[in-house]
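Take a look at the structure below.
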Amino acid sequence: MKKEILKLRDFKVYFPVKAGVFNRTVGHVMAVDGVDLDIYRGEVLGLAGESGCGKTTLGKAILRLVEPTNGKVTYVSKENDETELTSLEKKDMDPFRKKLQIVFQDPHSSLNPSFTIFGSLQDPLKKFGVNSKEERRKIIGDLLEAVNMRREYMDRYPHEFSGGQRQRIGIVRALCLDPELIVCDEAVSALDVSIQAQVLQLLMQLKKDNNLTYLFITHDLSVTEYLCDRIAVMYLGRIVELCDSEDLYKNTLHPYSEALISAIPVADLDKKTKRIVLEGDVPSPVNPPKGCPFHPRCPKAKDICKTEVPTLKKYSTNGNEHYASCHLIDLPEISK
Ligand code: SF4
């Protein structure tokens, strides 16, 4: 049976927009706007969407690297004890920071160039009570070997490594504290395609070896297809479709997901569907369109879409739960 590790309810992250001589708040960037989401232990949940849709902010706010504005994030332990992370004082977050880690997109900027790899990676270990230097070197050395690097690399500086190697070091840093969940924030986007494949393979092997859960944030749906158990598609701060990975590609319900999938490069031209080109950019999250936020770009929009906001409803495709928010879905809704 599936067990949650994190539960998000009505989760919002708004950033104030300041203007004028008195620097008054004149509006808000609604980066994440009311997300309900369960992440299950042991799964890889993809979080996909164009740049600016709020997926990175969501990932950071779960770990409270960005403070949420509203809503709850609840951590569920292996013993089923629940802790509401959003109501904790920052200092009380420490035990949970150990369990919830992040790998950033840009491995270079996330390593201090003036420290050796050991110098950068030993701090969290010290903070969480690994007092012996010998033990810290052993942990880091073992993890370097786990990501197919030599343990003596810990005495080198970040500039001595390639992009792919630095991303492996970023993964080592996330693994140092033996986490349960890792937010992979565009973790392979900055890498060459051949290196991407190696790092993805490595992530999957580490997941298996360490019983990890991943929240895999990406703008590239071709990466999520074979990696993720489920995928949530975000648009303008909201989840517009959430389902099993296979269903997203075979039984797509939301026009935005359809457009993203149609843009995936396919080697076999017989399998290539017509590309749906979306007009314009993602609208401003300061002043989102009325009705369905996707309607100014949606090739299927009707009059109702301009006035009524579609809610995320539950359907069934291929016998699986399938959530989507669109007025035009012609399937029976399933009560939650
Ligand atoms: Fe397109 Fe209307 Fe569906 Fe929104 S509700 S995705 S505008 S068809």
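Just so you know, these numbers use all the heavy atoms, side chains as well, and skip hydrogens, waters and symmetry mates. Atoms within a ligand are numbered from 1 in the order they appear, just like the ligands themselves.
In this structure, F294 and H254 have tilted ring planes: the angle between them lies in the 30° to 60° band.
Remark: minimum distance from atom 1 (Fe) of ligand 1 to any protein heavy atom is reached at C298 SG, 2.3 Å. For atom 5 (S) of ligand 1, the nearest protein heavy atom (residue, atom name, distance) is H327 N, 3.3 Å. In terms of protein heavy-atom proximity, atom 2 (Fe) of ligand 1 is closest to C305 SG, 2.2 Å. Taking atom 4 (Fe) of ligand 1 as the reference point, the nearest protein heavy-atom neighbour is C292 SG, 2.4 Å. Summary of contacts: the protein heavy atom closest to atom 3 (Fe) of ligand 1 is C326 SG, 2.3 Å.
Here H295 fails the criterion, with no N, O or S atom under 2.8 Å of atom 1 (Fe) of ligand 1.
A salt bridge (charged side-chain N to carboxylate O under 4.0 Å, His left out) with R230 is found for exactly one of E246, E43, E241, namely E43.
Here is the list of ligand 1 atoms found below 4.0 Å of a heavy atom in F294: 6 (S). Of all the atoms in ligand 1, the ones that sit under 4.0 Å from a non-hydrogen atom of L328 are 8 (S).
Under 4.0 Å from ligand 1, the heavy atoms of H254 that appear belong solely to its side chain.
Annotation: cation-pi geometry satisfied between R137 and F118 (NZ/CZ under 6.0 angstrom from ring centroid, within 45° of ring axis).
Aromatic rings from F161 and Y153 are positioned such that their centres are separated by under 6.0 Å.
Following chains of ILVMFWY side-chain contacts shorter than 4.5 Å, one can reach V29 starting from V26, so the two form part of one hydrophobic cluster.
A salt bridge does not link E50 to K55: none of the charged side-chain nitrogens sits closer than 4.0 Å to a carboxylate oxygen.
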